[in-house]
Amino acid sequence: MADYNPMELMICVAARNLEDGATVVVGTGAPCAAAMLSQKTHSPNLCIMFEAGGVAPILPAMPISVGDSRTFHKALMASSMPEIMETCQRGMVDYTFLGGAQIDMYGNINSTMIGSDHAKPKVRFPGSGGANDLASLCWRTMMMTVQDAKRFTDKINFITSPGYLKGGNTRYEAGLPKGTGPYRIITNMAIMGFEEDTKWMKVLSINPGYSRKDVQDNCGFELRWDDNIADTDPPTADELRILREEVDPHRYIIGR
Amino acid sequence: MNGIDEEKSMQEDGSMSAEVMENNIELKSGLNRIFTNPDADAARAYFRGKSRALKPKLATAEEVVRTMIKDGDYFAIGGFGANRIPTAICHEIVRQGKKGLGFAGHTSTHDFQILSAGEVFDRCDIAYIIGLEARGLSPNARRYIESGKVELTEWTNATLSWRIKAAAMGLSFMPARNIMGTDTFKYSAAKEILCPFTGQKYAAFPALYPDFAAIHVHECDVYGNCHVYGATVSDQDLAKAAKRVVITTERLVSTESIRQRPEATFIPFWCVDAVIESPYGSYPGNMPYEYFSDEEHIREWLAAEKDAESLKKFMDKYIYGTKNFSEYLALCGGIEKMNKLRRIELLIDKK
């Protein structure tokens, strides 16, 4: 078996979820690497978009900012923030990736603050940026993150970006578009989806080297389990080679 | 994937309409404050008096900040954080010690870092603040926000874009389908409404008419007819929404060249109140097709922010101790550094 680190595994697994011909809005870092890897393996016509306006660039390197000139290098279009967000709102964007400091069992994400007083936060983060918009309006939201019990919590301090809110049908009842929501949570330990009815987070597969106990012990709420828990396929030699040589040769992301 | 086969559309079955009406769903409001007047008639009254004259508008950053923005005004900065930002205006606002400003924290990164170091604003509409994307967080901007000195209202990138778009359209609000059900909505000043045609629940976002906006462009003429290349973020709407607009430009071009390509005019002269020639004006940020960001200098900013004393030294050297943006550029390595950043931007030097 090839040797790889947790970040490389997460990027490879995420890349497999992006099919040819789909549209995806990505930020900087691991999501961008996953989209680039997907394009260089099985989805040559994956359309990568950036929220500042870049559409279908030929990325010469990892962007530092979702608005820097790399994000529209040899692109099909350099548009605007409203153009990208309205394309999401119109239902034309399939996937997005989000990050955050906390996530709960319904896939709600906090990237705003820790503490209880909004006016005087204990710890302040950047806020939504485009995260809430993408989580609200893209069809499927994914997250890649290291799994620990502090991050995976039922005591989320602030819902920056909507998951399934309080589960069941509450996301749609709140006014968010039908059929949208969290799709996959990809961690160093496991791949999670969501139960059809309750929208509670459920484990779909466990990564090589981890057990059910590891996955549950590193989660602050009780996980549900799929009937057919699989072993996550490890990165292939080909995926790793392309990721290391073509996607992130300077190890900006996979060196973390 | 697509969602077509998953759900019947609203228009076909009208179910949401019936559902909303029957259940008498309560419509929520955000808890926080709108910092600017969304009234479209008030905006029209202002714009009625705004000059449409085709007259030269050349100025300096010092003059513009002294005469066009006063303490307490609400302002917005174009570009995207450290990409195509009017750095000279941000510096000058800090250098002149403006106070009590309101600020649109729309994709705000290095601009936010500069303005926080000067503590020039005390209320902020937030989409994205204190972070510098892949570079990490600004320790000083974070301390400033955590201190409680700044009144905060939450929004998102799309929401602030659409608030600005509503103003650009001469309206008082814009409906949209994001943020409902979240704490981002709870701590915003948005309101839920029902669509008068379908009964669907929407979030209503108040129009944002800034008092002052500064936008950096690739080229423009002396009247303020502008060309921009690359991703445009929200700048076209911002130029229309703001009451007073200053353009900083990499270079001045002749009006003749504008007239040869009228379809390329990104911002027209009647939106613009002043034009400042500001080569390398987005430094240390990226200017598409011109120069890449100076990551070394941005790291220096971040490192200087580790405590109040080192930040003060840094600010004294680069902002308070310089009389204008040209002196800052010279301190940062001058034309040699700019040439290097151009080679990186053009992929001649691989970073």
Side-chain angles (χ1 to χ4, degrees), chain A residues 19 22 27-29 50-54 60-69 71-72 78-82 85 88-89 91 94 108 112 118-133 136-137 139-140 158-162 165 170-171 174-180 252, chain B residues 1-3 6-7 79-83 107 109 126-131 133-135 137 142 145-146 148 151-152 154-159 161-162 165 176-184 187 192 200-203 229-234 236-237 286 288-289 292-293 295 345 347 350-351:
Chain A
E19 74 273 17
T28 56
F50 292 89
E51 65 193 53
M62 286 282 168
I64 296 172
S65 158
V66 298
D68 78 32
S69 51
T71 64
F72 44 88
S79 69
S80 66
M81 173 89 73
M85 294 304 189
C88 295
Q89 186 161 263
D94 300 313
N108 300 302
T112 300
H118 177 257
K120 204 169 180 306
K122 206 157 113 192
V123 179
R124 176 73 210 196
F125 304 121
S128 164
N132 179 304
D133 314 318
S136 294
L137 304 172
W139 289 109
R140 290 174 164 180
F158 192 101
I159 299 177
T160 308
S161 303
L165 298 177
T170 54
R171 179 182 165 101
L176 298 173
K178 254 185 191 174
T180 59
Y252 292 130
Chain B
M1 67 151 293
N2 65 66
E6 286 178 26
E7 312 287 348
F80 192 103
N83 309 298
T107 69
T109 71
I126 300 168
Y128 185 91
I129 58 166
I130 79 171
E133 301 190 77
R135 306 172 182 102
L137 300 179
R142 188 176 209 173
I145 294 301
E146 289 172 355
E151 189 181 348
L152 309 171
E154 298 284 338
W155 307 95
T156 66
N157 280 351
T159 307
S161 283
W162 289 330
K165 184 191 278 280
R177 307 191 67 185
N178 55 340
I179 93 170
M180 290 176 285
T182 63
D183 290 316
T184 305
Y187 292 98
E192 288 178 352
Q200 177 65 263
K201 197 194 286 178
Y202 280 96
Y229 305 103
T232 55
V233 201
S234 289
Q236 201 161 34
D237 287 330
N286 167 223
Y289 313 114
F292 202 65
S293 49
E295 293 303 316
E345 173 65 12
L347 300 170
K350 297 280 166 79
K351 265 172 67 108

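A, B, ... follow the sequence lines: proteins, then strands. Residue 1 opens every chain. All values reported here derive from a predicted model rather than from experimental measurement.
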If I measure from the heavy atoms of chain B, does [X] come under 4.5 Å with its side chain, its backbone, both, or neither?
| X | value |
| --- | --- |
| F125(A) | both |
| T160(A) | both |
| T71(A) | neither |
| S65(A) | both |
| A119(A) | backbone |
| P162(A) | both |
| L176(A) | both |

Measure [X] against the heavy atoms of chain A and call it side chain, backbone, both or neither at under 4.5 Å.
| X | answer |
| --- | --- |
| N157(B) | both |
| T107(B) | side chain |
| L152(B) | both |
| T109(B) | neither |
| L137(B) | side chain |
| E345(B) | both |
| A176(B) | both |

Picking from R135(B), Q236(B), E151(B), E192(B), which has the most non-hydrogen pairs under 4.5 angstrom with chain A?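 Option with the greatest count: R135(B).
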Output yes when a side-chain donor or acceptor of N178(B) lies under 3.5 Å from a complementary backbone atom of D133(A), and no otherwise. no
Who among D68(A), T28(A), L165(A) has the most heavy-atom pairs with chain B under 4.5 Å? D68(A)
Given H118(A), Q89(A), M85(A), the one with more heavy-atom pairs under 4.5 angstrom with chain B than any other is H118(A)
Within the structure provided, determine whether R124(A) and I126(B) are in side-chain contact (heavy-atom separation under 4.5 Å). yes
